[in-house]
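Heavy-atom basis, side chains included; hydrogens, waters and symmetry copies ignored. Heads up: numbering here begins at 1 and tracks the sequence.
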Amino acid sequence: PFLLIPTTLLLGMLVSVVMLRSDTMRAAHAPAVRTAAAAHLTRLDTAHGAESAEAPRLRRGAVGPATAAWSQADPFAPVYVVTSRDTWQGIRGVARNAVARRDSTGMPLVISEVRADRLSEIGHYVHAKERRCGGYFAFPSRAQAEDFVGAGRSMQAMTQSLLAHYTLDNQATVERWLPQVQEQRLYDTINHLSSYRNRYYASSYGKTSAEWIRTHWQSLAAGRSDVSTELFTACSNCSTQPSVILTIQGWDLPNEVVVLGAHLDSINANTRTDPNQIAPGADDDASGIATLTETLRIALSEGWRPRRTVKFMGYAAEEVGLRGSNAIAQSFLANGVNVVGVLQADMTNYKAGAVSDMRLISDYSNADLKNFFITLFDTYLAPMGLTRSSVACGYACSDHASWTNAGYPAAMMFEAGGPNGSYPYIHTTSDTLATMGESAQNSVKFTQFALAYLAETAKTKPIKVTGGPAPMSEG
C-alpha cells in the first residue's frame, strides 16, 4: 500500500502539467477563435460586416469560465447578451463565443458571452460611442438567450394591427385631467428618488427604493378594493431588486390590459458594478417614475374607473439589460395576458436649447400605436404650443423593446435633450435636479401626454365607447 503514495503523487503532477499546457494552448488560441467568430458573422452579411469593420472596439481582455452558473456574487460568471450586429462590432474585445442570429424582422443580431464584471464596458461603449442607453438584453444562460431570439415576436408587434382602430372619444376626461398636473409633486418624487445613494439593481438601495415606490403608489389608492400593488420578483437575474406593479381592475373589459411603464433603477457609468456607487438618476429615470406617479394620482384622486384593466409598472434592472421588463413581458406572454397597449416613460425632464418638446421613438414600436401617439399629441398637446419630432433609438434602447419582442404593441415618447439630442449628465453623479434647473417643468408635458394616453386607451366607465381599441374576446 505504501507504494501507492509516490505513484499517486506522480500521476497528480502529470495531470497538472497536462492541464497547464492545455490552458496555455487555449489562451494562445483565443484570438484566433475570436477572429473566426468575426469571420463567421461577416460571412452571414458581407455588406454589413464591411460597413462595420472600422467600428471602434473595446480593449480586449480575459473572459471568465464558460460553464459557470450566473451569480451576482460571482464577478467571473458568464452573462449571455443579445445585441445588434453594429453593437457587437464594438464590444468584441469583451465578448466571446459569438453566434450570429436574426430576429423575426430580419434584424442581424449576435448572441455572445460576457463576463459579469465586464458588462459595464458594454454600457459604457453604447453610451459613449452610440450615444444612447441600453443596447442589449442579458440572460443567465445561452439557452435562454437563444429562446428569446428564436421565439421573438417583434415583427408581429411592430406591424400587426393588434388593436383595431384607435379613435379619440374621451375628451371630457382628458381635458379635465390635464390642468391638474402639478410640477411640485413631480419635483418631490424626483427629489426623493434621487436622494438615495443609488437605485442600482444589486444594492440595498435598489431594493429599498422599489419598496418605497410600491408603498407610495398604494397610498394613492386610498384603500380602493379595485386597486392592488405587488412586488414582481419572478426575475432570475434581477438580484434583490423587484419590479413594482399597480393594477386598477377594468370595469367591463378586465381582460384587456393597458400598461404604463418606467424603469426604477439607476447606474453610474464609471462604477457600474459597485453597490455603493453614487447614481442619483434624477432624469434617468426618476423622472419617468414621477411621470407615472403624478398620472396615477390625478386619475385616482377623482375615483376614476377604467373600462380596461390598467397596470402601472416600475421595472427593475433596466440599466443592465432590460431584465425586469423582459421578465414581466415574458411572464405575461406565457400566461396569455392580453396587453392592448404599452407606454414607456424613460427620461422626461431635460430640455435645453431650441429643440422639440418630445420625440417619438420611431423603431421597435407598433406602427398603429405610434400613429395613435401622434394623434394624441396633435389633439391635446399641440394646441398648447408644444412641438414633437421623432428619432430612432436603436436595438434594446429601453423597456418598450421587451414588450415588442414578446409580441405586444408598445411605443415611447422621449425627451428631446440638448441640441445634440442627448442628456450630458446621464449615468453620472451629476444626474440631479440641480443640472435641470431645480425644476420638474419638462415632466409636466409628459405627464399630460400619459394622462391622454391613459384616458383614450383604458377609457372611462360612465362613457359609452364607440372608438378606441375594438373590444376583444374575453374568452
Contact check, side chains of Thr309 and Glu256, non-hydrogen atoms, under 4.5 Å: no
Nearest-0.5 Å distance, CG of residue Asn198 to OH of residue Tyr196: 11.5 Å
Student check: side-chain heavy atoms of Pro75 and Arg115 closer than 4.5 Å: no
Lys207 NZ: over 12 foreign heavy atoms closer than 6.0 Å: no
Passing candidate, side-chain contact (heavy atoms from CB on, under 4.5 Å) with Val310, options Val227, Leu296, Leu260, Val259: Leu260
Sidechain N-carboxylate O distance under 4.0 Å for Lys351, Asp357: yes
Backbone of Tyr315 reached by a side-chain donor or acceptor of Arg323 within 3.5 Å: no
Ring-ring centroid check Phe148 Phe137, cutoff 6.0 Å: yes
Side chains of Gln218 and Thr229, donor plus acceptor under 3.5 Å: yes
Salt-bridge contact Arg101-Glu146 (side-chain N to carboxylate O under 4.0 Å): yes
Side-chain donor or acceptor of Asp265 paired with backbone N/O of Tyr201 under 3.5 Å: no
Side-chain heavy-atom pair Ser112, Trp88 within 4.5 angstrom cut-off: yes
Step-by-step side-chain contact (heavy atoms from CB on, under 4.5 Å) determination, Val244 to Phe312: CA-CA 8 Å; Val244 180; Phe312 286 78; over 6 Å; no
Glu130/Thr87 under side chain to side chain donor-acceptor pair (under 3.5 Å): CA gap, chis, key distance, verdict: CA-CA 8 Å; Glu130 299 184 355; Thr87 297; 2.8 Å; yes
Candidate pair Met107 and Ser84, rule side-chain contact (heavy atoms from CB on, under 4.5 Å), full reasoning: CA-CA 8 Å; Met107 170 78 175; Ser84 70; 3.5 Å; yes
Expected output: side-chain Ser203 to main-chain Tyr200 donor-acceptor under 3.5 Å: yes
Residue pair Tyr350 / Asn442, side-chain heavy-atom distance below 4.5 Å: no
Between Tyr423 and Asp431, a side-chain donor and acceptor under 3.5 Å: yes
Verdict with supporting geometry, Glu302 and Arg176, salt bridge (Lys or Arg N to Asp or Glu O under 4.0 Å): CA-CA 10 Å; Glu302 63 174 32; Arg176 185 173 66 252; 2.7 Å; yes
Under the side-chain contact (heavy atoms from CB on, under 4.5 Å) test, residues paired with Asn268 that sit two or more places apart: Asn270, Thr271, Gln277, Ala279, Thr429
Tyr125 OH to Ile91 CD1 distance, which is reported to the nearest 0.5 Å: 8.5 Å
Pair Ser154-Ser104, side-chain donor/acceptor within less than 3.5 Å: no
Residue pair Glu319 / Ser266, side-chain donor-acceptor N/O under 3.5 Å: no
Min side-chain heavy-atom separation Met436-Tyr187 under 4.5 Å: no
Spatial distance of atom CG (Leu193) from atom OH (Tyr205) [nearest 0.5 Å]: 15.5 Å
Any donor-acceptor pair under 3.5 Å from Asp399 side chain to Ala262 backbone: no
Side-chain donor or acceptor of Arg199 paired with backbone N/O of Pro280 under 3.5 Å: yes
Qualifying residues under side chain to side chain donor-acceptor pair (under 3.5 Å), relative to Asn371, sequence neighbours excluded: none
Residue pair Leu343 / Leu454, side-chain heavy-atom distance below 4.5 Å: no
Disulfide (SG to SG under 2.5 Å) partners of residues 198-237, not counting sequence neighbours, each pair once: Cys235-Cys238
Asn335 side chain to Ser331 backbone, donor-acceptor under 3.5 Å: yes
Check: Glu456/Asn170 side-chain N/O donor and acceptor closer than 3.5 Å: no
Would you be so kind as to tabulate the donor-acceptor pairs closer than 3.5 Å made by side chains of residues 285-292, with sequence neighbours excluded?
from	atom 1	to	atom 2	distance (Å)
Asp285	OD1	Gly288	N	2.9
Asp285	OD1	Met347	N	2.8
Asp285	OD2	His263	N	3.3
Ser287	OG	Asp283	O	2.6
Ser287	OG	Asp283	OD1	3.3
Ser287	OG	Thr348	N	2.9
Ser287	OG	Thr348	OG1	3.4
Thr291	OG1	Ser287	O	2.9
Thr291	OG1	Thr348	OG1	3.1

Ring geometry between His216 and Trp212 (parallel below 30°, tilted from 30 to 60°, perpendicular above 60°): parallel
Donor-acceptor side-chain pairing of Thr293 and Trp217 below 3.5 angstrom: yes
Flag for Asp346-Ser398: side-chain donor and acceptor within less than 3.5 Å: yes
Criterion side chain to side chain donor-acceptor pair (under 3.5 Å) on Ser443 and Asn349, from CA distance to verdict: CA-CA 5 Å; Ser443 289; Asn349 202 48; 3.1 Å; yes
All ring pair (Phe, Tyr, Trp, His ring centres under 6.0 Å) counterparts of Tyr453, not counting sequence neighbours: Phe373
Ring geometry between Trp304 and Trp177 (parallel below 30°, tilted from 30 to 60°, perpendicular above 60°): perpendicular
Donor-acceptor under 3.5 Å (Arg153 side chain, Thr404 main chain): no
Between Thr105 and Asp103: side-chain donor-acceptor atoms closer than 3.5 Å: yes
Cationic N near anionic O, under 4.0 Å, Lys461 to Asp252: no
Check: Gly206 main-chain N/O paired with Gln241 side-chain donor or acceptor under 3.5 Å: yes
Sequence-distant partners of Phe446, ring pair (Phe, Tyr, Trp, His ring centres under 6.0 Å), two or more places apart: none
Check: Asn97 side chain, Glu113 main-chain N or O, donor-acceptor pair, under 3.5 Å: no
Side chain to side chain, Val79 and Tyr136, heavy atoms closer than 4.5 Å: no
Residue pair Ser402 / Ala329: nearest heavy atoms and the distance that separates them: O-CB, 3.7 Å
Ser365-Lys370 side chain donor-acceptor pair, cut-off 3.5 Å: no
Main-chain N/O of Phe76 paired with Asp117 side-chain donor or acceptor, under 3.5 Å: no
Flag side-chain contact, heavy atom, 4.5 Å: Leu109 against Val149: yes
Atom pair CD (Gln180) and CG (Leu451), whose distance is rounded to the nearest 0.5 Å: 8.5 Å
Note: Glu211-Arg214 ion pair, threshold 4.0 Å (strictly below): no
Taking every non-hydrogen atom, the tightest pair across Pro242 and Thr233: CB-CG2, 3.9 Å
